[in-house]
There are 2 protein chains.
Amino acid sequence: MAQTQGERKAETRARLLAAGADLFADRGIDGVSVDAVAEAAGRTSGAVYAHFGSKQGLLLAVLDAWKQSVLTVLFAEVAITDSPLGQLAAVWDNIGNNPDTDSDRWSLLEHELWQRAARDPEVADALRARSIESRGRSAHELSRWASTMSVQPVADPDDLATLVKALLTGLEMQRRIEPASVNCDLAVRGLAALMGMSPVPGDSDRTTSPRQRNTVTHDTPA
Amino acid sequence: MAQTQGERKAETRARLLAAGADLFADRGIDGVSVDAVAEAAGRTSGAVYAHFGSKQGLLLAVLDAWKQSVLTVLFAEVAITDSPLGQLAAVWDNIGNNPDTDSDRWSLLEHELWQRAARDPEVADALRARSIESRGRSAHELSRWASTMSVQPVADPDDLATLVKALLTGLEMQRRIEPASVNCDLAVRGLAALMGMSPVPGDSDRTTSPRQRNTVTHDTPA
DNA sequence: CACATTGCATAGTGGGCACTATATATGTAG
DNA sequence: CTACATATATAGTGCCCACTATGCAATGTG
């Protein structure tokens, strides 16, 4: 007996979710056929329909499995950095400065989902739940950070988390269109302004110069 | 002679572009067939291929025709507002606080294009050109504004324009997922921080309370 | 008034894809 | 060992859609 049926089923499900996340991020949801996902997972489309019922079901399951993964990594990276501005730089490096990494693909997938949410209430609900939860976690970390640093951010923790996420998201988008227009120093200046850290020293300061990339890796959620 | 051939051709082209922009924004590029665009324009798919060669050609033409329209309206709205914080509020109202208006649909279309640009170099080039140009205009307006107001923004005009656009884009995205988490006051606080206007008064200040909506309208570019 | 050209319509055509119906093989229970 | 249950494979089916080939009526030209 190589595997029980339950084990095989669980493995198939995990493979399909991983393949779905990968391909959806790479080629876009509409650019990927159910057969392609199944093949990438070493299965056939029959398995997808047995597990998820439809392509949409697979999509929602991918979204669900994906919760928290990016934020968890982010906090880990910030924790192992020391200077205040260096920590802001670590935030940017994780969100928007990692071409061809896991976080890069997650962010493309997030955009795919966002776009679909604009027209599909079911996806919108799922994304909203995720958004509320991750903002809560960010707000907590940000308020701890602000009191440690003795700075006065421009809004209360929850609103501050919204502003920070918005700025990072917008910068990351801009970077994809026009990489030259966005760099780490710029992101740090923007973040510092929101955190109430005035005024940021110039480029000569080494805290915002190119950093050795830390290597906390993402693991695909179960 | 009702129309010369040239007039008819020009009208068909304009109709197709308008219908394409509308439908692409509404249902997504992949969610709209060439036949649907043609029908919305009162023509048939033959006209689309005669004018643009392919669906992609139509898309690029839509992108091209769309240049500047949003920024032009934005500056007009800001110009007819008086108080400094009121002007920041006017910026947000135009970018992110207008459900079911033209600017709302433009922003959805912008996201459609952004997403496609992530996988299609031809679209990416077109978007990049648009981005550079509009940042230039914004930088100019922002630096004028900053010197008029005697404030010291957190970065030079070009970088400041990038930060402002990023923040507005991110807030607008967040608003679509979770409208309650973003309001005008929050946007004004964030913008003010980037502009170096410390510290923003609380909510009781009337400058950020609900404003009568101005009515500068978009015109579909020729 | 011949007749070329243009602008668009009409009518396919082939391919891709979401989804279904059913078969098969492997594990499971009595 | 028999009989059933389950997980996935196989083989369609019908639809949608980008794109093409061609027709045709209106416009332009001498």
Side-chain angles (χ1 to χ4, degrees), chain A residues 1-24 26-63 112-113 116 119-120 122-123 222, chain B residues 1-24 26-63 112-113 116 119-120 122-123 222:
Chain A
M1 183 199 311
Q3 280 179 312
T4 67
Q5 292 212 93
E7 283 167 352
R8 177 163 176 81
K9 186 175 185 177
E11 186 187 335
T12 296
R13 185 184 167 87
R15 283 179 176 223
L16 290 172
L17 288 175
D22 264 19
L23 290 181
F24 287 157
D26 260 11
R27 302 188 218 158
I29 297 166
D30 288 326
V32 174
S33 68
V34 172
D35 286 287
V37 174
E39 186 182 348
R43 296 290 187 275
T44 65
S45 64
V48 173
Y49 287 94
H51 277 271
F52 305 106
S54 65
K55 187 179 183 180
Q56 173 88 343
L58 170 63
L59 179 66
L60 291 172
V62 165
L63 202 169
E112 282 288 330
L113 292 166
R116 180 148 297 226
R119 295 172 196 102
D120 182 332
E122 203 175 8
V123 177
Chain B
M1 182 197 316
Q3 280 180 314
T4 69
Q5 292 213 94
E7 284 166 352
R8 176 163 177 82
K9 186 174 185 177
E11 185 186 336
T12 296
R13 186 184 166 88
R15 284 180 176 222
L16 290 172
L17 288 174
D22 264 20
L23 290 180
F24 287 157
D26 260 11
R27 303 188 217 158
I29 296 166
D30 288 326
V32 174
S33 69
V34 172
D35 287 287
V37 174
E39 186 182 348
R43 295 290 187 274
T44 66
S45 65
V48 173
Y49 287 95
H51 277 271
F52 306 106
S54 66
K55 186 178 183 180
Q56 173 88 345
L58 171 62
L59 179 65
L60 292 172
V62 165
L63 202 169
E112 281 288 330
L113 291 166
R116 180 150 296 225
R119 292 171 197 105
D120 182 332
E122 204 176 6
V123 176

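Since the model is a prediction, treat every value here as computed from it, not as a measurement. The chains referred to below are lettered A, B, ... by the order of the sequence lines, with proteins before strands, and numbering in each begins at 1.
With contacts defined as side-chain heavy-atom distances shorter than 4.5 Å, the pair A:Val62/A:Phe52 does not qualify. A heavy-atom distance below 4.5 Å is found between the side chains of A:Gln56 and A:Val123.
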Contacts table for residues 28-47 of chain B: side-chain donor-acceptor under 3.5 angstrom, sequence neighbours left out:
unit_1	atom_1	unit_2	atom_2	d
B:Asp30	OD1	B:Arg116	NH2	2.9
B:Ser33	OG	B:Ala36	N	3.1
B:Arg43	NE	B:Thr12	OG1	2.9
B:Arg43	NH2	B:Thr12	OG1	3.2

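Using a 4.0 Å cutoff on non-hydrogen atoms, the parts of residues 53-63 of chain B near DNA chain D are B:Ser54, B:Lys55, ordered by number. Non-hydrogen atoms lying under 4.0 Å from DNA chain C are contributed by A:Val32, A:Ser33, A:Val34, A:Tyr49, all within residues 29-51 of chain A.
Between A:Leu113 and the choices A:Leu59, A:Asp120, A:Leu60, the side-chain contact (heavy atoms from CB on, under 4.5 Å) rule is met once, by A:Leu59.
Screening residues 11-23 of chain B for salt bridge (charged side-chain N to carboxylate O under 4.0 Å, His left out), with sequence neighbours left out, gives B:Glu11-B:Arg15, B:Asp22-B:Arg105.
Whole-Å rounding puts the B:Glu7 CD to D:dG28 P distance at 9 Å. The CZ atom of A:Arg27 sits 14 Å away from the C1' atom of C:dG16 (whole-angstrom rounding). Protein atom CZ of A:Phe24 is 12 Å distant from nucleotide atom P of C:dC17, rounded to whole Å. The separation between A:Leu16 atom CG and D:dA7 atom C1' is 12 Å, rounded to whole Å.
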Show the distances under 3.5 angstrom between N or O atoms of the protein and N or O atoms of nucleotides 3-6 of chain C.
unit_1	atom_1	unit_2	atom_2	d
C:dT6	O4'	B:Gln5	NE2	3.4
C:dT6	O2	B:Gln5	OE1	3.3

If you restrict it to nitrogen or oxygen atoms, what contacts under 3.5 Å exist between nucleotides 22-24 of chain D and the protein, and what is each distance?
none

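A:Arg119 pairs by the salt bridge (Lys or Arg N to Asp or Glu O under 4.0 Å) definition with B:Glu112, not counting sequence neighbours.
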